Every structure is written in C-alpha cells, then in structure tokens.
There are 2 protein chains.
Amino acid sequence: MKNKAARLQSIREIIIHSRVKSQEEILQKLIEQGFDLTQATLSRDLKQLRIAKVPGNDGSYVYIMPEIGSVGKLMQEKMGDNPQRHIPGGFISINFSGNLAVIKTRPGYAGSLAYDIDSNTPPEVLGTIAGDDTVLVILEEHINHQQALLALSPFIPEV
Amino acid sequence: MKNKAARLQSIREIIIHSRVKSQEEILQKLIEQGFDLTQATLSRDLKQLRIAKVPGNDGSYVYIMPEIGSVGKLMQEKMGDNPQRHIPGGFISINFSGNLAVIKTRPGYAGSLAYDIDSNTPPEVLGTIAGDDTVLVILEEHINHQQALLALSPFIPEV
DNA sequence: ACTATATTTGAATAATTATGCGGCAAATAT
DNA sequence: ATATTTGCCGCATAATTATTCAAATATAGT
C-alpha cells in the first residue's frame with residue numbers, strides 16, 4: 001500500500017489529465033497504478049481534495065478540480081506526512097513576489113522543471129512560464145508564500 | 001405545473017442565495033414556492049443548468065453555480081469533449097490572479113495569441129509574455145476580473 | 001382540427017456516492 | 001512498557017442522485 005499523499009497526487013493528475021466520469025473509473029486507474037483502495041476511501045479523498053462531479057455539456061458528468069479554497073486542507077494534509085519528493089536537477093533557488101514565484105535553475109533546466117510542475121498542477125498554481133534558467137510560477141490569488149512553498153515543495157529540494 | 005423556465009430560474013436563485021447541500025433541500029424550497037415536481041425532475045434540471053455539488057470547507061457539501069473564477073477549469077472541461085470544434089488561436093483557458101491573467105493555449109499557440117493581443121492593445125493590458133502554451137497578460141492595476149475578461153474577450157471564445 | 005414528433009414528467013429503480021462502525025497500526029502520552 | 005490518542009481504511013449499508021420506462025403534454029406541419 002503506497003502512502004496517502006502519493007495517492008492524492010495521483011488522483012489530482014488523473015482528474016487534470018483525463019476525463020473521468022465516475023469514482024469507479026478513477027478507482028480503476030488508481031488500481032492500475034498499483035494503489036490498493038476501495039471506493040469508500042476514494043470518496044473520502046475526493047472530499048478532502050474538494051473535487052467535484054459536474055454536469056458536462058455532452059450530457060454526462062465529469063470530475064474536475066475545485067475552484068479556490070482547498071488550500072487550508074491541502075496544506076494540513078501535506079504537513080502531516082513526509083512525502084518522498086523526487087528532486088529534479090538544476091534547482092538553484094526560489095523567491096516570491098506577490099502572487100508570483102521565481103525559481104532559478106542551472107541553465108537549460110527551467111523547461112523541464114516547469115514541465116514537471118505543469119503536469120502535476122497543484123490547485124495553487126495557475127501556470128508557469130519557463131525561460132532558460134528561470135521559471136515564473138503564477139499562483140492563485142490569496143495564496144500566501146508559505147502555502148505556495150508547500151504546494152511547490154514536491155518539485156524542489158528540502159525547503 | 002408551472003413553467004419550466006420559471007422553475008429553472010428559481011433553482012438558480014436558490015443556489016445563489018442559499019447554501020443547500022442536497023437535492024432534497026432544493027426540492028423543499030421549490031415546493032414551498034409552489035412548484036410541483038419530484039427529485040427526478042430536479043436532478044434533470046440541475047444537470048441542464050450544470051449545477052454541481054462540491055465538497056465544502058465545512059466538511060459537508062454545497063451546490064454551486066459555475067462562476068467566474070472557475071472559468072478556466074470549466075472551460076477546459078467544456079472543450080475537452082468537443083475536439084473537433086476549432087478554437088481560435090489554440091485557446092484553452094483563462095484564469096486570473098491579481099493584476100495578471102494566465103491564458104493557457106495548445107502547445108505552440110501562445111506566441112501568436114500574445115501577438116494578437118499586443119497588436120490590438122486594449123488599454124487595460126500593459127503587456128504580455130508568452131511561453132509555449134501559456135500567455136501571461138499583465139493588466140492595469142485596478143482592473144477587475146470581469147473588466148479584464150471583457151477586454152480580452154475578442155481573443156478568446158465565448159466565455 | 002388531426003396526426004406526427006418532440007419534450008417533459010413521475011414512479012420506480014438503478015447507479016452512484018457518502019458514511020457509521022470497528023479494526024488496526026503508528027504516534028504520543030502516562 | 002503500557003495505555004491512549006489519532007489517522008486511515010474496508011465493509012456494509014445508508015443516503016443520495018441519475019436514469020429507464022411509460023404516459024402525459026406540448027409543438028409543428030398540413
């Protein structure tokens with residue numbers, strides 16, 4: 001049984017990158033990924049992540065990431081456990097200014113780091129723009145730096 | 001049996017003005033207002049109005065209308081199942097944070113979209129920065145999101 | 001008006017989602 | 001070391017929501 005934080009992250013990826021229309025579908029994908037859980041747990045996870053099922057325009061339903069507001073819970077969640085983070089090379093520093101984070105990397109590494117962040121988009125991150133050695137991360141409004149740091153922590157070394 | 005349109009309108013108002021957490025609650029309010037319907041019909045109405053039940057911050061659930069602020073996510077969702085529909089400029093979604101707008105596009109389209117915006121510079125827009133699939137739009141300081149959306153609307157599909 | 005076609009609806013039910021409860025394990029306190 | 005608390009989870013089931021089916025009602029064309 002993998003740990004819960006990893007599972008939550010996988011759920012977010014599934015929600016963002018694919019078009020699931022029931023918990024059973026999500027469950028199926030998670031099990032394919034090697035997680036071992038039941039619908040009951042998934043339901044609780046979705047509640048915690050504040051993921052919702054909304055009517056789509058094609059006459060069926062789709063699970064989507066919620067709008068703003070799950071930060072508090074997510075932060076508590078992340079603080080509670082000790083995720084093993086993969087540390088991509090090239091990271092140099094991170095600094096904040098308002099609702100922006102500026103990540104400095106070794107030359108050439110910005111793109112891959114931004115890609116990592118993008119493909120795992122935490123809800124706190126609206127998007128990223130990468131130059132050669134700098135990643136600009138645009139954060140959700142009302143996110144403070146500590147929260148942002150936590151959201152980005154999977155992508156950067158021990159903060 | 002009252003008019004369906006009137007009923008839908010009442011449902012919208014109920015959703016907007018009160019915190020209902022189940023269809024039964026909505027149903028009760030509608031019946032109090034003199035409508036005569038069952039949960040089955042309400043479920044269909046909610047589907048038609050694309051009203052969703054989302055996990056709330058108080059540990060329970062709330063029905064909400066899609067609103068501005070969640071525009072981007074909903075739009076991604078909306079367009080995903082209609083791949084044949086051509087999106088001008090590769091537009092995918094727009095989100096706001098403070099005096100910034102972040103526009104996501106299909107890969108490679110950010111530059112041309114930014115160029116379009118730049119060459120038509122609305123007064124609300126100070127400038128743009130484009131990556132590969134993301135355009136950062138820097139807005140005049142005291143522009144609100146609605147105004148910004150309006151200013152940018154010529155460049156994005158109907159919101 | 002009359003028939004054909006489409007829309008709307010309720011009843012029943014299917015399908016889906018949420019949760020009470022107990023077990024278990026890890027952490028914390030005594 | 002033992003007791004207590006805390007968090008996580010599955011099972012079973014409750015609660016909720018979506019849909020099928022048939023009937024009723026509305027709409028359009030002639």
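Given the structure is predicted, the values throughout are model-derived calculations rather than measurements. Residue numbers start from 1 in every chain, and the chains themselves are labelled A, B, ... in the order their sequence lines are given, proteins ahead of strands.
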Visitor: Which nucleotide, in any strand shown, forms a Watson-Crick or G-U wobble pair with dA4(C), with both distances under 3.5 Å?
Guide: dT27(D)
Visitor: Between Q48(B) and K4(B), is there a side-chain donor-acceptor contact under 3.5 Å, judged purely by atom types and distance?
Guide: yes
Visitor: Base, sugar-phosphate, or nothing for L37(B), non-hydrogen atoms under 4.0 angstrom?
Guide: sugar-phosphate
Visitor: Please determine whether a side-chain nitrogen of the Lys or Arg among K21(A) and E25(A) lies less than 4.0 Å from a carboxylate oxygen of the Asp or Glu.
Guide: yes
Visitor: Below 3.5 Å, does any donor atom in the side chain of E24(B) face an acceptor in the base of dA15(D), or the other way round?
Guide: no
Visitor: Should we count CZ of R19(B) as having more than 12 external heavy atoms under 6.0 Å?
Guide: no
Visitor: Are OP1 or OP2 of dA18(C) and a side-chain N or O of Q23(A) less than 4.0 angstrom apart?
Guide: yes
Visitor: Taking only side-chain nitrogens and oxygens of S43(A), does any of them come within less than 4.0 Å of OP1 or OP2 of dA18(C)?
Guide: yes
Visitor: OP1 or OP2 of dT19(C) less than 4.0 angstrom from a side-chain nitrogen or oxygen of K47(A), does that happen here?
Guide: yes
Visitor: Give the nucleotide from the list dC11(D), dA18(D), dA11(C) with an atom nearest to the side chain of Q39(B).
Guide: dA18(D)
Visitor: For Q48(A) and dC9(D), give me the distance from atom CD to atom P, rounded to whole Å.
Guide: 9 Å
Visitor: Whether K53(A) contacts dT16(C) is assessed here as follows: a side-chain N or O lying under 4.0 Å from the phosphate OP1 or OP2. Is that the case?
Guide: no
Visitor: Return yes if the base of dG10(C) and the side-chain atoms of R44(B) contain a donor-acceptor N/O pair under 3.5 Å, otherwise no.
Guide: yes
Visitor: Below 4.0 angstrom from OP1 or OP2 of dG10(D), is there any side-chain N or O of T41(A)?
Guide: yes
Visitor: Would you say Y61(A) places a side-chain N or O within less than 4.0 Å of OP1 or OP2 belonging to dT19(D)?
Guide: yes
